[in-house]
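The structure under discussion appears below in the form of structure tokens.
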2 protein chains.
Amino acid sequence: MTREHTHTIASAKGSPKAHAGPGRPRCYDEAEVLDKALQVFWRQGYEATSVDDLTAAMGLSRSSFYSAFGSKHGVLIAVLKSYSDAALQALEHLAEGPRDQAVKAMLDALSDPAGGPRGCMLVNCITELAPQHEEVAELGRHHLKRIEDLFSRALSPDNPDAARDKARALAALAIGTLTLRKSGVPPESISTALEAARTILAT
Amino acid sequence: MTREHTHTIASAKGSPKAHAGPGRPRCYDEAEVLDKALQVFWRQGYEATSVDDLTAAMGLSRSSFYSAFGSKHGVLIAVLKSYSDAALQALEHLAEGPRDQAVKAMLDALSDPAGGPRGCMLVNCITELAPQHEEVAELGRHHLKRIEDLFSRALSPDNPDAARDKARALAALAIGTLTLRKSGVPPESISTALEAARTILAT
DNA sequence: CTATTTTTGGACTGAATAGTCCGTATTTAT
DNA sequence: ATAAATACGGACTATTCAGTCCAAAAATAG
């Protein structure tokens, strides 16, 4: 038994910012390098991205990379968590407005995400990885449930359960538009269709 | 100039069954091995599948594989074309029934495809590859357009263009359910939501 | 300053990758 | 039978892959 996986332990115990004792502090910003990693995964997908791609984009050496995230899979999970948090927070903000506007704003945000033609990072990863990586599936499930809840409450604030089916359909609708977009359907065609469906569905 | 890419030329000229002159005939069925390749790609995704995985599943030696399909990308395209043809043909058949039933049957078939939790092979490939592989994007665009047309004509047989937006929304809806399914949402939750949306959308 | 702890660069490893090549077997045409 | 053409098995190559390791640098605590 030499030394095995010391880094995974280090990165596993929550916030790596907990730093009191002696030792050299890391010379990079965690959120910043995670965003760089996100961009690469988002553009190329998980399997098509090599650790070299990641370290180059993040500006980290291999040892820093493995020390902080443990594995390629580890950095993906970290990226997905931060991405999901940010996306849900933005959606929650949009959901606060008056009913119709809230639904419209949420649909627009979901169907035309910050990633542009790259779609939604989480949906991409669900499609590519969920059947084989339970952790990704779990993250995706939670993310989608939250979106569904937001739609439910926007549609029917006093009795969200009554709008469950419609909310789920709206979520599916928005997610489906991402595939249209990726295959090259022009964005304006998508928004008119989305708007038509919304006026019918969000009664 | 030694010998370069003789195989791609061979496979490029349409049906490789055109075989008149001398020479040993291939000892495998093309449709059969393509289906084996489909299963592997469908389960694992494109990048996660190695040529060894493919040849093992297809029962071909490396040289037969490259002689027939030219590259990993080549066999993917062949698989996608045959998959798209078969799926569209099945959908066309479903679209022939009376309006409401046709829409319902098509939605059900799209949202619960033969692949089960693996979703739709074409949608998977669009998500994973379309932004980087124009040929896959083109195939996906065509496939989705055909689906949209089928919905349009089912909704409004005499003036399909009038139902364009609704048709596109229905297609997006069905495709979106695949992501829900992949992340683990139970199928019955999906079908009730789909049914609710259909009764509202397919007036 | 000294001791201690941590980060960092970069070399290294063994396995896996996509694709090539060649000798041989197998079939058809003459 | 013989020649021409194709399919096949499997070894081979050069590259890339994810992950490991170590020595040196850097920063803090006392």
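In what follows, every chain begins at residue 1, and chains take the letters A, B, ... in the order their sequences are listed.
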*Would you say Phe69(B) and Leu54(B) make side-chain contact, with heavy atoms under 4.5 Å?*
no
*Using a distance-only test with no angle check, is there a side-chain donor-acceptor pair under 3.5 angstrom linking Gln39(B) and Arg118(B)?*
yes
_Partner set under salt bridge (charged side-chain N to carboxylate O under 4.0 Å, His left out) for Lys104(B), not counting sequence neighbours_ = Asp108(B), Glu195(B)
_In whole Å, I'd like the distance from the OH atom of Tyr66(B) to the P atom of dC8(D)._
16 Å
_Residue list, side-chain contact (heavy atoms from CB on, under 4.5 Å) with Ala163(A), at least two apart or on another chain_ = Leu155(A), Ser156(A)
*asked:* If I take atom CZ in residue Arg26(A) and atom C1' in nucleotide dT5(C), what distance separates them, rounded to the nearest angstrom?
replied: 14 Å
*Is Leu178(A) close to Pro113(A) at the side-chain level, that is, under 4.5 Å between some pair of heavy atoms?*
yes
Review item, side-chain donor-acceptor pairs of residues 73-88 of chain A, under 3.5 Å, at least two apart:
{"unit_1": "Tyr83(A)", "atom_1": "OH", "unit_2": "Met121(A)", "atom_2": "N", "d": "3.2"}
{"unit_1": "Ser84(A)", "atom_1": "OG", "unit_2": "His143(A)", "atom_2": "ND1", "d": "2.8"}

*What's the CZ-C1' distance between Phe69(B) and dG19(C), to the nearest Å?*
16 Å
*Counting only N and O atoms by type, is there a donor-acceptor contact under 3.5 Å from the side chain of Lys72(A) to the main-chain atoms of Thr49(A)?*
yes
_Pairing annotation in dot-bracket form, given for DNA chain D with Watson-Crick or G-U pairs under 3.5 Å and | for cross-strand partners_ = ||||||||||||||||||||||||||||||
*Can you tell me the distance, in whole Å, between the NZ atom of Lys72(B) and the C1' atom of dA16(C)?*
12 Å
*With Glu92(B), which residues qualify under salt bridge (charged side-chain N to carboxylate O under 4.0 Å, His left out), at least two apart?*
Arg146(B)
*Is any side-chain heavy atom of Phe41(B) closer than 4.5 Å to a side-chain heavy atom of Asn124(B)?*
no
*Near DNA chain D, which residues from residues 124-132 of chain B have a heavy atom under 4.0 Å away?*
none
*Using the test salt bridge (charged side-chain N to carboxylate O under 4.0 Å, His left out), find all partners of Arg164(A) that sit at least two apart in sequence or belong to another chain.*
Glu148(A), Asp149(A), Asp161(A)
*What nucleic acid atoms does Phe65(B) come within less than 4.0 Å of, heavy atoms only: base, sugar-phosphate, or nothing?*
nothing
*asked:* Could you work out, with salt bridge (charged side-chain N to carboxylate O under 4.0 Å, His left out) as the rule, every residue matching Asp112(A), not counting sequence neighbours?
replied: Arg181(A)
*Straight-line distance of Leu201(B) CG to Asp165(B) CG, nearest 0.5 Å*: 11.0 Å
_Distance check needed: dC12(C) P versus Asp52(A) CG, whole Å only._
16 Å
*Starting at CD of Glu30(B) and ending at C1' of dA7(D), how long is that distance when rounded to a whole Å?*
14 Å
Check: residues 125-141 of chain B side-chain donor-acceptor pairs under 3.5 Å, at least two apart:
{"unit_1": "Thr127(B)", "atom_1": "OG1", "unit_2": "Val123(B)", "atom_2": "O", "d": "2.9"}
{"unit_1": "Glu128(B)", "atom_1": "OE1", "unit_2": "Tyr46(B)", "atom_2": "N", "d": "3.1"}
{"unit_1": "Glu128(B)", "atom_1": "OE2", "unit_2": "Glu47(B)", "atom_2": "N", "d": "3.0"}
{"unit_1": "Gln132(B)", "atom_1": "NE2", "unit_2": "Arg43(A)", "atom_2": "O", "d": "2.5"}
{"unit_1": "Glu134(B)", "atom_1": "OE2", "unit_2": "Arg141(B)", "atom_2": "NH2", "d": "2.8"}
{"unit_1": "Glu138(B)", "atom_1": "OE1", "unit_2": "Arg141(B)", "atom_2": "NH2", "d": "2.9"}
{"unit_1": "Arg141(B)", "atom_1": "NH1", "unit_2": "Ser183(A)", "atom_2": "O", "d": "3.0"}

_Listed once per pair and sorted, the ring-ring contact (aromatic ring centres under 6.0 Å, His included) pairs that draw on residues 161-183 of chain B, sequence neighbours left out_ = none
*Kindly state which residues belonging to residues 40-49 of chain A come within less than 4.0 angstrom of DNA chain C, counting heavy atoms of the residue only, listed by number.*
none
*Please determine, for the side chain of Ser50(B), which listed nucleotide (dC8(D), dT17(C), dC17(D)) has the closest atom?*
dT17(C)
*Can you check whether Ser64(A) has a side-chain N or O nearer than 4.0 Å to OP1 or OP2 of dT8(C)?*
yes
*Within residues 53-63 of chain A, residues whose heavy atoms come under 4.0 Å of DNA chain C*: Ser61(A), Arg62(A), Ser63(A)
